[in-house]
There are 2 protein chains.
Amino acid sequence: MLSMRAKYALKALVYLAKAKDQGPVLIGDIAESQKLPRKFLEQILLELKNLRVLKSRQGKGGGYLLAKPPAEIEMGHIVRVFNGPLALVPCVSVTAFEKCEECLDFAHCGIRRVMKKVRDVTAEILDGTTLETLVAIEASESDEASLMYFI
Amino acid sequence: MLSMRAKYALKALVYLAKAKDQGPVLIGDIAESQKLPRKFLEQILLELKNLRVLKSRQGKGGGYLLAKPPAEIEMGHIVRVFNGPLALVPCVSVTAFEKCEECLDFAHCGIRRVMKKVRDVTAEILDGTTLETLVAIEASESDEASLMYFI
DNA sequence: TTTAGATTAAACCTATAGGAATAATATGCT
DNA sequence: AGCATATTATTCCTATAGGTTTAATCTAAA
Ligand code: FES
Ligand code: FES
């Protein structure tokens, strides 16, 4: 399951993407409008800043801004950082690879091959979906059947 | 000034580097021996794990481990992530570059050239110093005069 | 002896508090 | 008018609480 941290990060980012031409956005605004716990969100935004996904201005009139265009911020990146590896088993993870000691025949393990497929299609979707995509999806009225159009 | 987060991260990492052949190390052990606030350290270690600098094992007998050899973990990386850009002015930052609007003649700005030199030598030292280096330094009896030997 | 469940030890997750640093703006003094 | 000082709004930093999940080990029943 996606952690709250990851979900809140994504929500805040989509919000910032939508408001990207309106100057710095307050933590308080994001928290209130998206119903996110303010202090927790504060930590998350700070981490996003350290990742160079956001930048900030301090002091009066300050707030948070995207550090790059929405089209350059991939869901996959955010999920990996805030939620951990996409892979369901370590042996198919690209970012946190490890052999499964309990699987003797690593090379022919069926679980591994299926899970690798799962990871790969997940990565393809998540790395192919940017904040721009998410904003576009939310702006449209259609349901999941036509998502392919966006991705 | 180096933030506590950065300092604690480095201290914990050096401790883990020294203990690297002793299996998983407990948060509690690190906190106690290095006199670091336990719950705060917990957050920092988790972040180091998300950065793939550490790995962990959960449950009984668990703890934290380096995710790669000490020689591959650079001080510069840790400092940048936990403390921010090395540059003292944004216009010389590699990771967070921004033009200084208040300096009209960016190209010929003297402050900038000096600060660039400062950033470059800082980066050279910090990126050239790994956990392995730090452990070696602490194992030696000499003072800063002979640090060049290590770096 | 195997298996199922209980206990325990550990990291992990969500959340919050309180104050420091920073920057804009307003205010008051010369 | 110009400068110093105070106020205010904001992010940033350090720290902590409390509960959840995971995994190893122990215990008891089948
Ligand atoms: S080798 Fe990883 S699931 Fe079998
Ligand atoms: S241009 Fe950055 S200090 Fe002058």
Side-chain angles (χ1 to χ4, degrees), chain A residues 1-12 16 23-32 34-51 53-67 79 81-85 88-90 96 98 100-102, chain B residues 1-12 16 23-32 34-51 53-67 79 81-85 88-90 96 98 100-102:
Chain A
M1 280 280 283
L2 202 60
S3 65
M4 287 299 115
R5 282 175 72 77
K7 210 181 287 184
Y8 294 169
L10 289 170
K11 290 208 173 198
L16 284 164
V25 178
L26 303 185
I27 297 177
D29 282 359
I30 305 175
E32 220 174 296
Q34 302 298 304
K35 299 260 172 61
L36 311 179
R38 147 102 205 208
K39 279 291 196 177
F40 194 31
L41 179 62
E42 206 176 301
Q43 282 186 4
I44 293 165
L45 296 183
L46 226 30
E47 203 167 333
L48 283 168
K49 187 193 149 170
N50 289 338
L51 290 170
V53 171
L54 296 182
K55 23 180 210 184
S56 65
R57 277 188 219 147
Q58 229 175 161
K60 202 165 184 174
Y64 278 94
L65 303 150
L66 296 185
V79 171
V81 169
F82 285 94
N83 200 62
L88 264 26
V89 285
E98 245 176 294
C100 304
E101 337 163 357
E102 72 278 10
Chain B
M1 280 279 288
L2 202 61
S3 67
M4 287 300 114
R5 282 176 73 76
K7 210 181 286 184
Y8 294 169
L10 289 170
K11 288 207 174 200
L16 284 164
V25 178
L26 303 185
I27 297 178
D29 282 358
I30 306 175
E32 219 174 297
Q34 302 298 303
K35 300 261 171 58
L36 311 180
R38 148 99 205 210
K39 279 292 197 177
F40 194 31
L41 180 61
E42 205 175 303
Q43 282 187 1
I44 293 164
L45 296 183
L46 227 29
E47 202 168 333
L48 283 168
K49 188 195 150 169
N50 289 338
L51 291 169
V53 171
L54 296 182
K55 28 182 208 183
S56 64
R57 279 190 217 144
Q58 228 176 160
K60 201 167 185 176
Y64 279 96
L65 304 150
L66 297 185
V79 170
V81 169
F82 286 94
N83 200 61
L88 264 26
V89 285
E98 246 176 292
C100 304
E101 338 162 357
E102 71 278 10

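By convention in this document, chain letters (A, B, ...) are assigned in the order of the sequence lines, proteins followed by strands, and residues within each chain are numbered from 1. Heavy atoms only: backbone and side chains are in, while hydrogens, waters and symmetry mates are out.
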| query | At under 4.0 Å between heavy atoms, what does G28(A) touch on the DNA or RNA strands: base, sugar-phosphate, or nothing? | reply |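 If one applies the 4.0 Å heavy-atom cut-off, G28(A) turns out to touch nothing in the nucleic acid.
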| query | Which part of the nucleic acid, if any, lies within contact of L45(B), taking any heavy atom under 4.0 Å across all strands shown: a base, the sugar-phosphate backbone alone, or nothing? | reply |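 The residue L45(B) makes no contact with any strand.
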Round to the nearest Å and state the distance from [X] atom [atom1] to [N] atom [atom2].
| X | N | atom1 | atom2 | result |
| --- | --- | --- | --- | --- |
| K35(B) | dT14(D) | NZ | C1' | 19 Å |
| K55(B) | dA23(D) | NZ | P | 15 Å |
| Y64(B) | dT22(D) | OH | P | 15 Å |
| I30(A) | dT11(D) | CD1 | C1' | 12 Å |
| I44(A) | dT11(D) | CD1 | C1' | 16 Å |
| F82(B) | dC12(D) | CZ | C1' | 16 Å |
| L65(A) | dT10(D) | CG | P | 14 Å |
| L36(A) | dC13(C) | CG | P | 18 Å |

If you look at every heavy atom in [X] and [Y], which pair is closest and at what distance?
| X | Y | answer |
| --- | --- | --- |
| R57(A) | P24(A) | NH1-CG, 3.8 Å |
| E42(B) | K39(B) | CB-O, 3.2 Å |
| R38(A) | A31(A) | CA-CB, 3.9 Å |
| A12(A) | L41(A) | CB-CD1, 4.0 Å |

Hey, what do you get for [atom1] ([X]) to [atom2] ([Y]), rounding to the nearest 0.5 Å?
| X | Y | atom1 | atom2 | value |
| --- | --- | --- | --- | --- |
| I30(B) | K11(B) | CD1 | NZ | 13.0 Å |
| Y8(A) | L2(A) | OH | CG | 11.0 Å |
| K7(B) | I44(B) | NZ | CD1 | 12.0 Å |

| If each of K60(A) and K49(A) is mapped to the nucleotide of DNA chain D with the nearest heavy atom, which maps nearer the 5' terminus, i.e. the 5' end? | K60(A)
| query | For the helix from dT1(C)-dA30(D) to dT30(C)-dA1(D), what is the angle between the axes at its two ends, each from 5 pairs, rounded to 10°? | reply | 0°
| request: Assess whether atom CD of E32(B) is packed by more than 12 heavy atoms of other residues, nucleotides or ligands within 6.0 Å. | output: no
For nucleotides 4-6 of chain D, which of its nitrogen or oxygen atoms have a protein nitrogen or oxygen under 3.5 Å away, and what is each distance?
none

| remark: Checking dT8(C), dT8(D), dT11(D) against the side chain of S56(A) (C-beta onward), the nearest is dT11(D)
| query | What nucleotide among dT25(D), dA11(C), dC12(D) has an atom nearest to a side-chain atom of I27(B)? | reply | dA11(C)
Between [X] and [Y], is any pair of side-chain heavy atoms under 4.5 Å apart?
| X | Y | answer |
| --- | --- | --- |
| L10(B) | F82(B) | no |
| L54(A) | L66(A) | yes |
| F40(A) | R5(A) | yes |

| request: Please name the residue in the list L48(A), V81(A), L16(A) that meets the side-chain contact (heavy atoms from CB on, under 4.5 Å) test with V53(A). | output: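 Per the side-chain contact (heavy atoms from CB on, under 4.5 Å) rule, the option paired with V53(A) is L48(A), out of L48(A), V81(A), L16(A).
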| task | Heavy atoms under 4.0 Å is the rule here; annotate nucleotides 14-20 of chain C 5' to 3' with B where the base is hit, S where only the sugar-phosphate is, and - elsewhere. | result | BBBBBB-
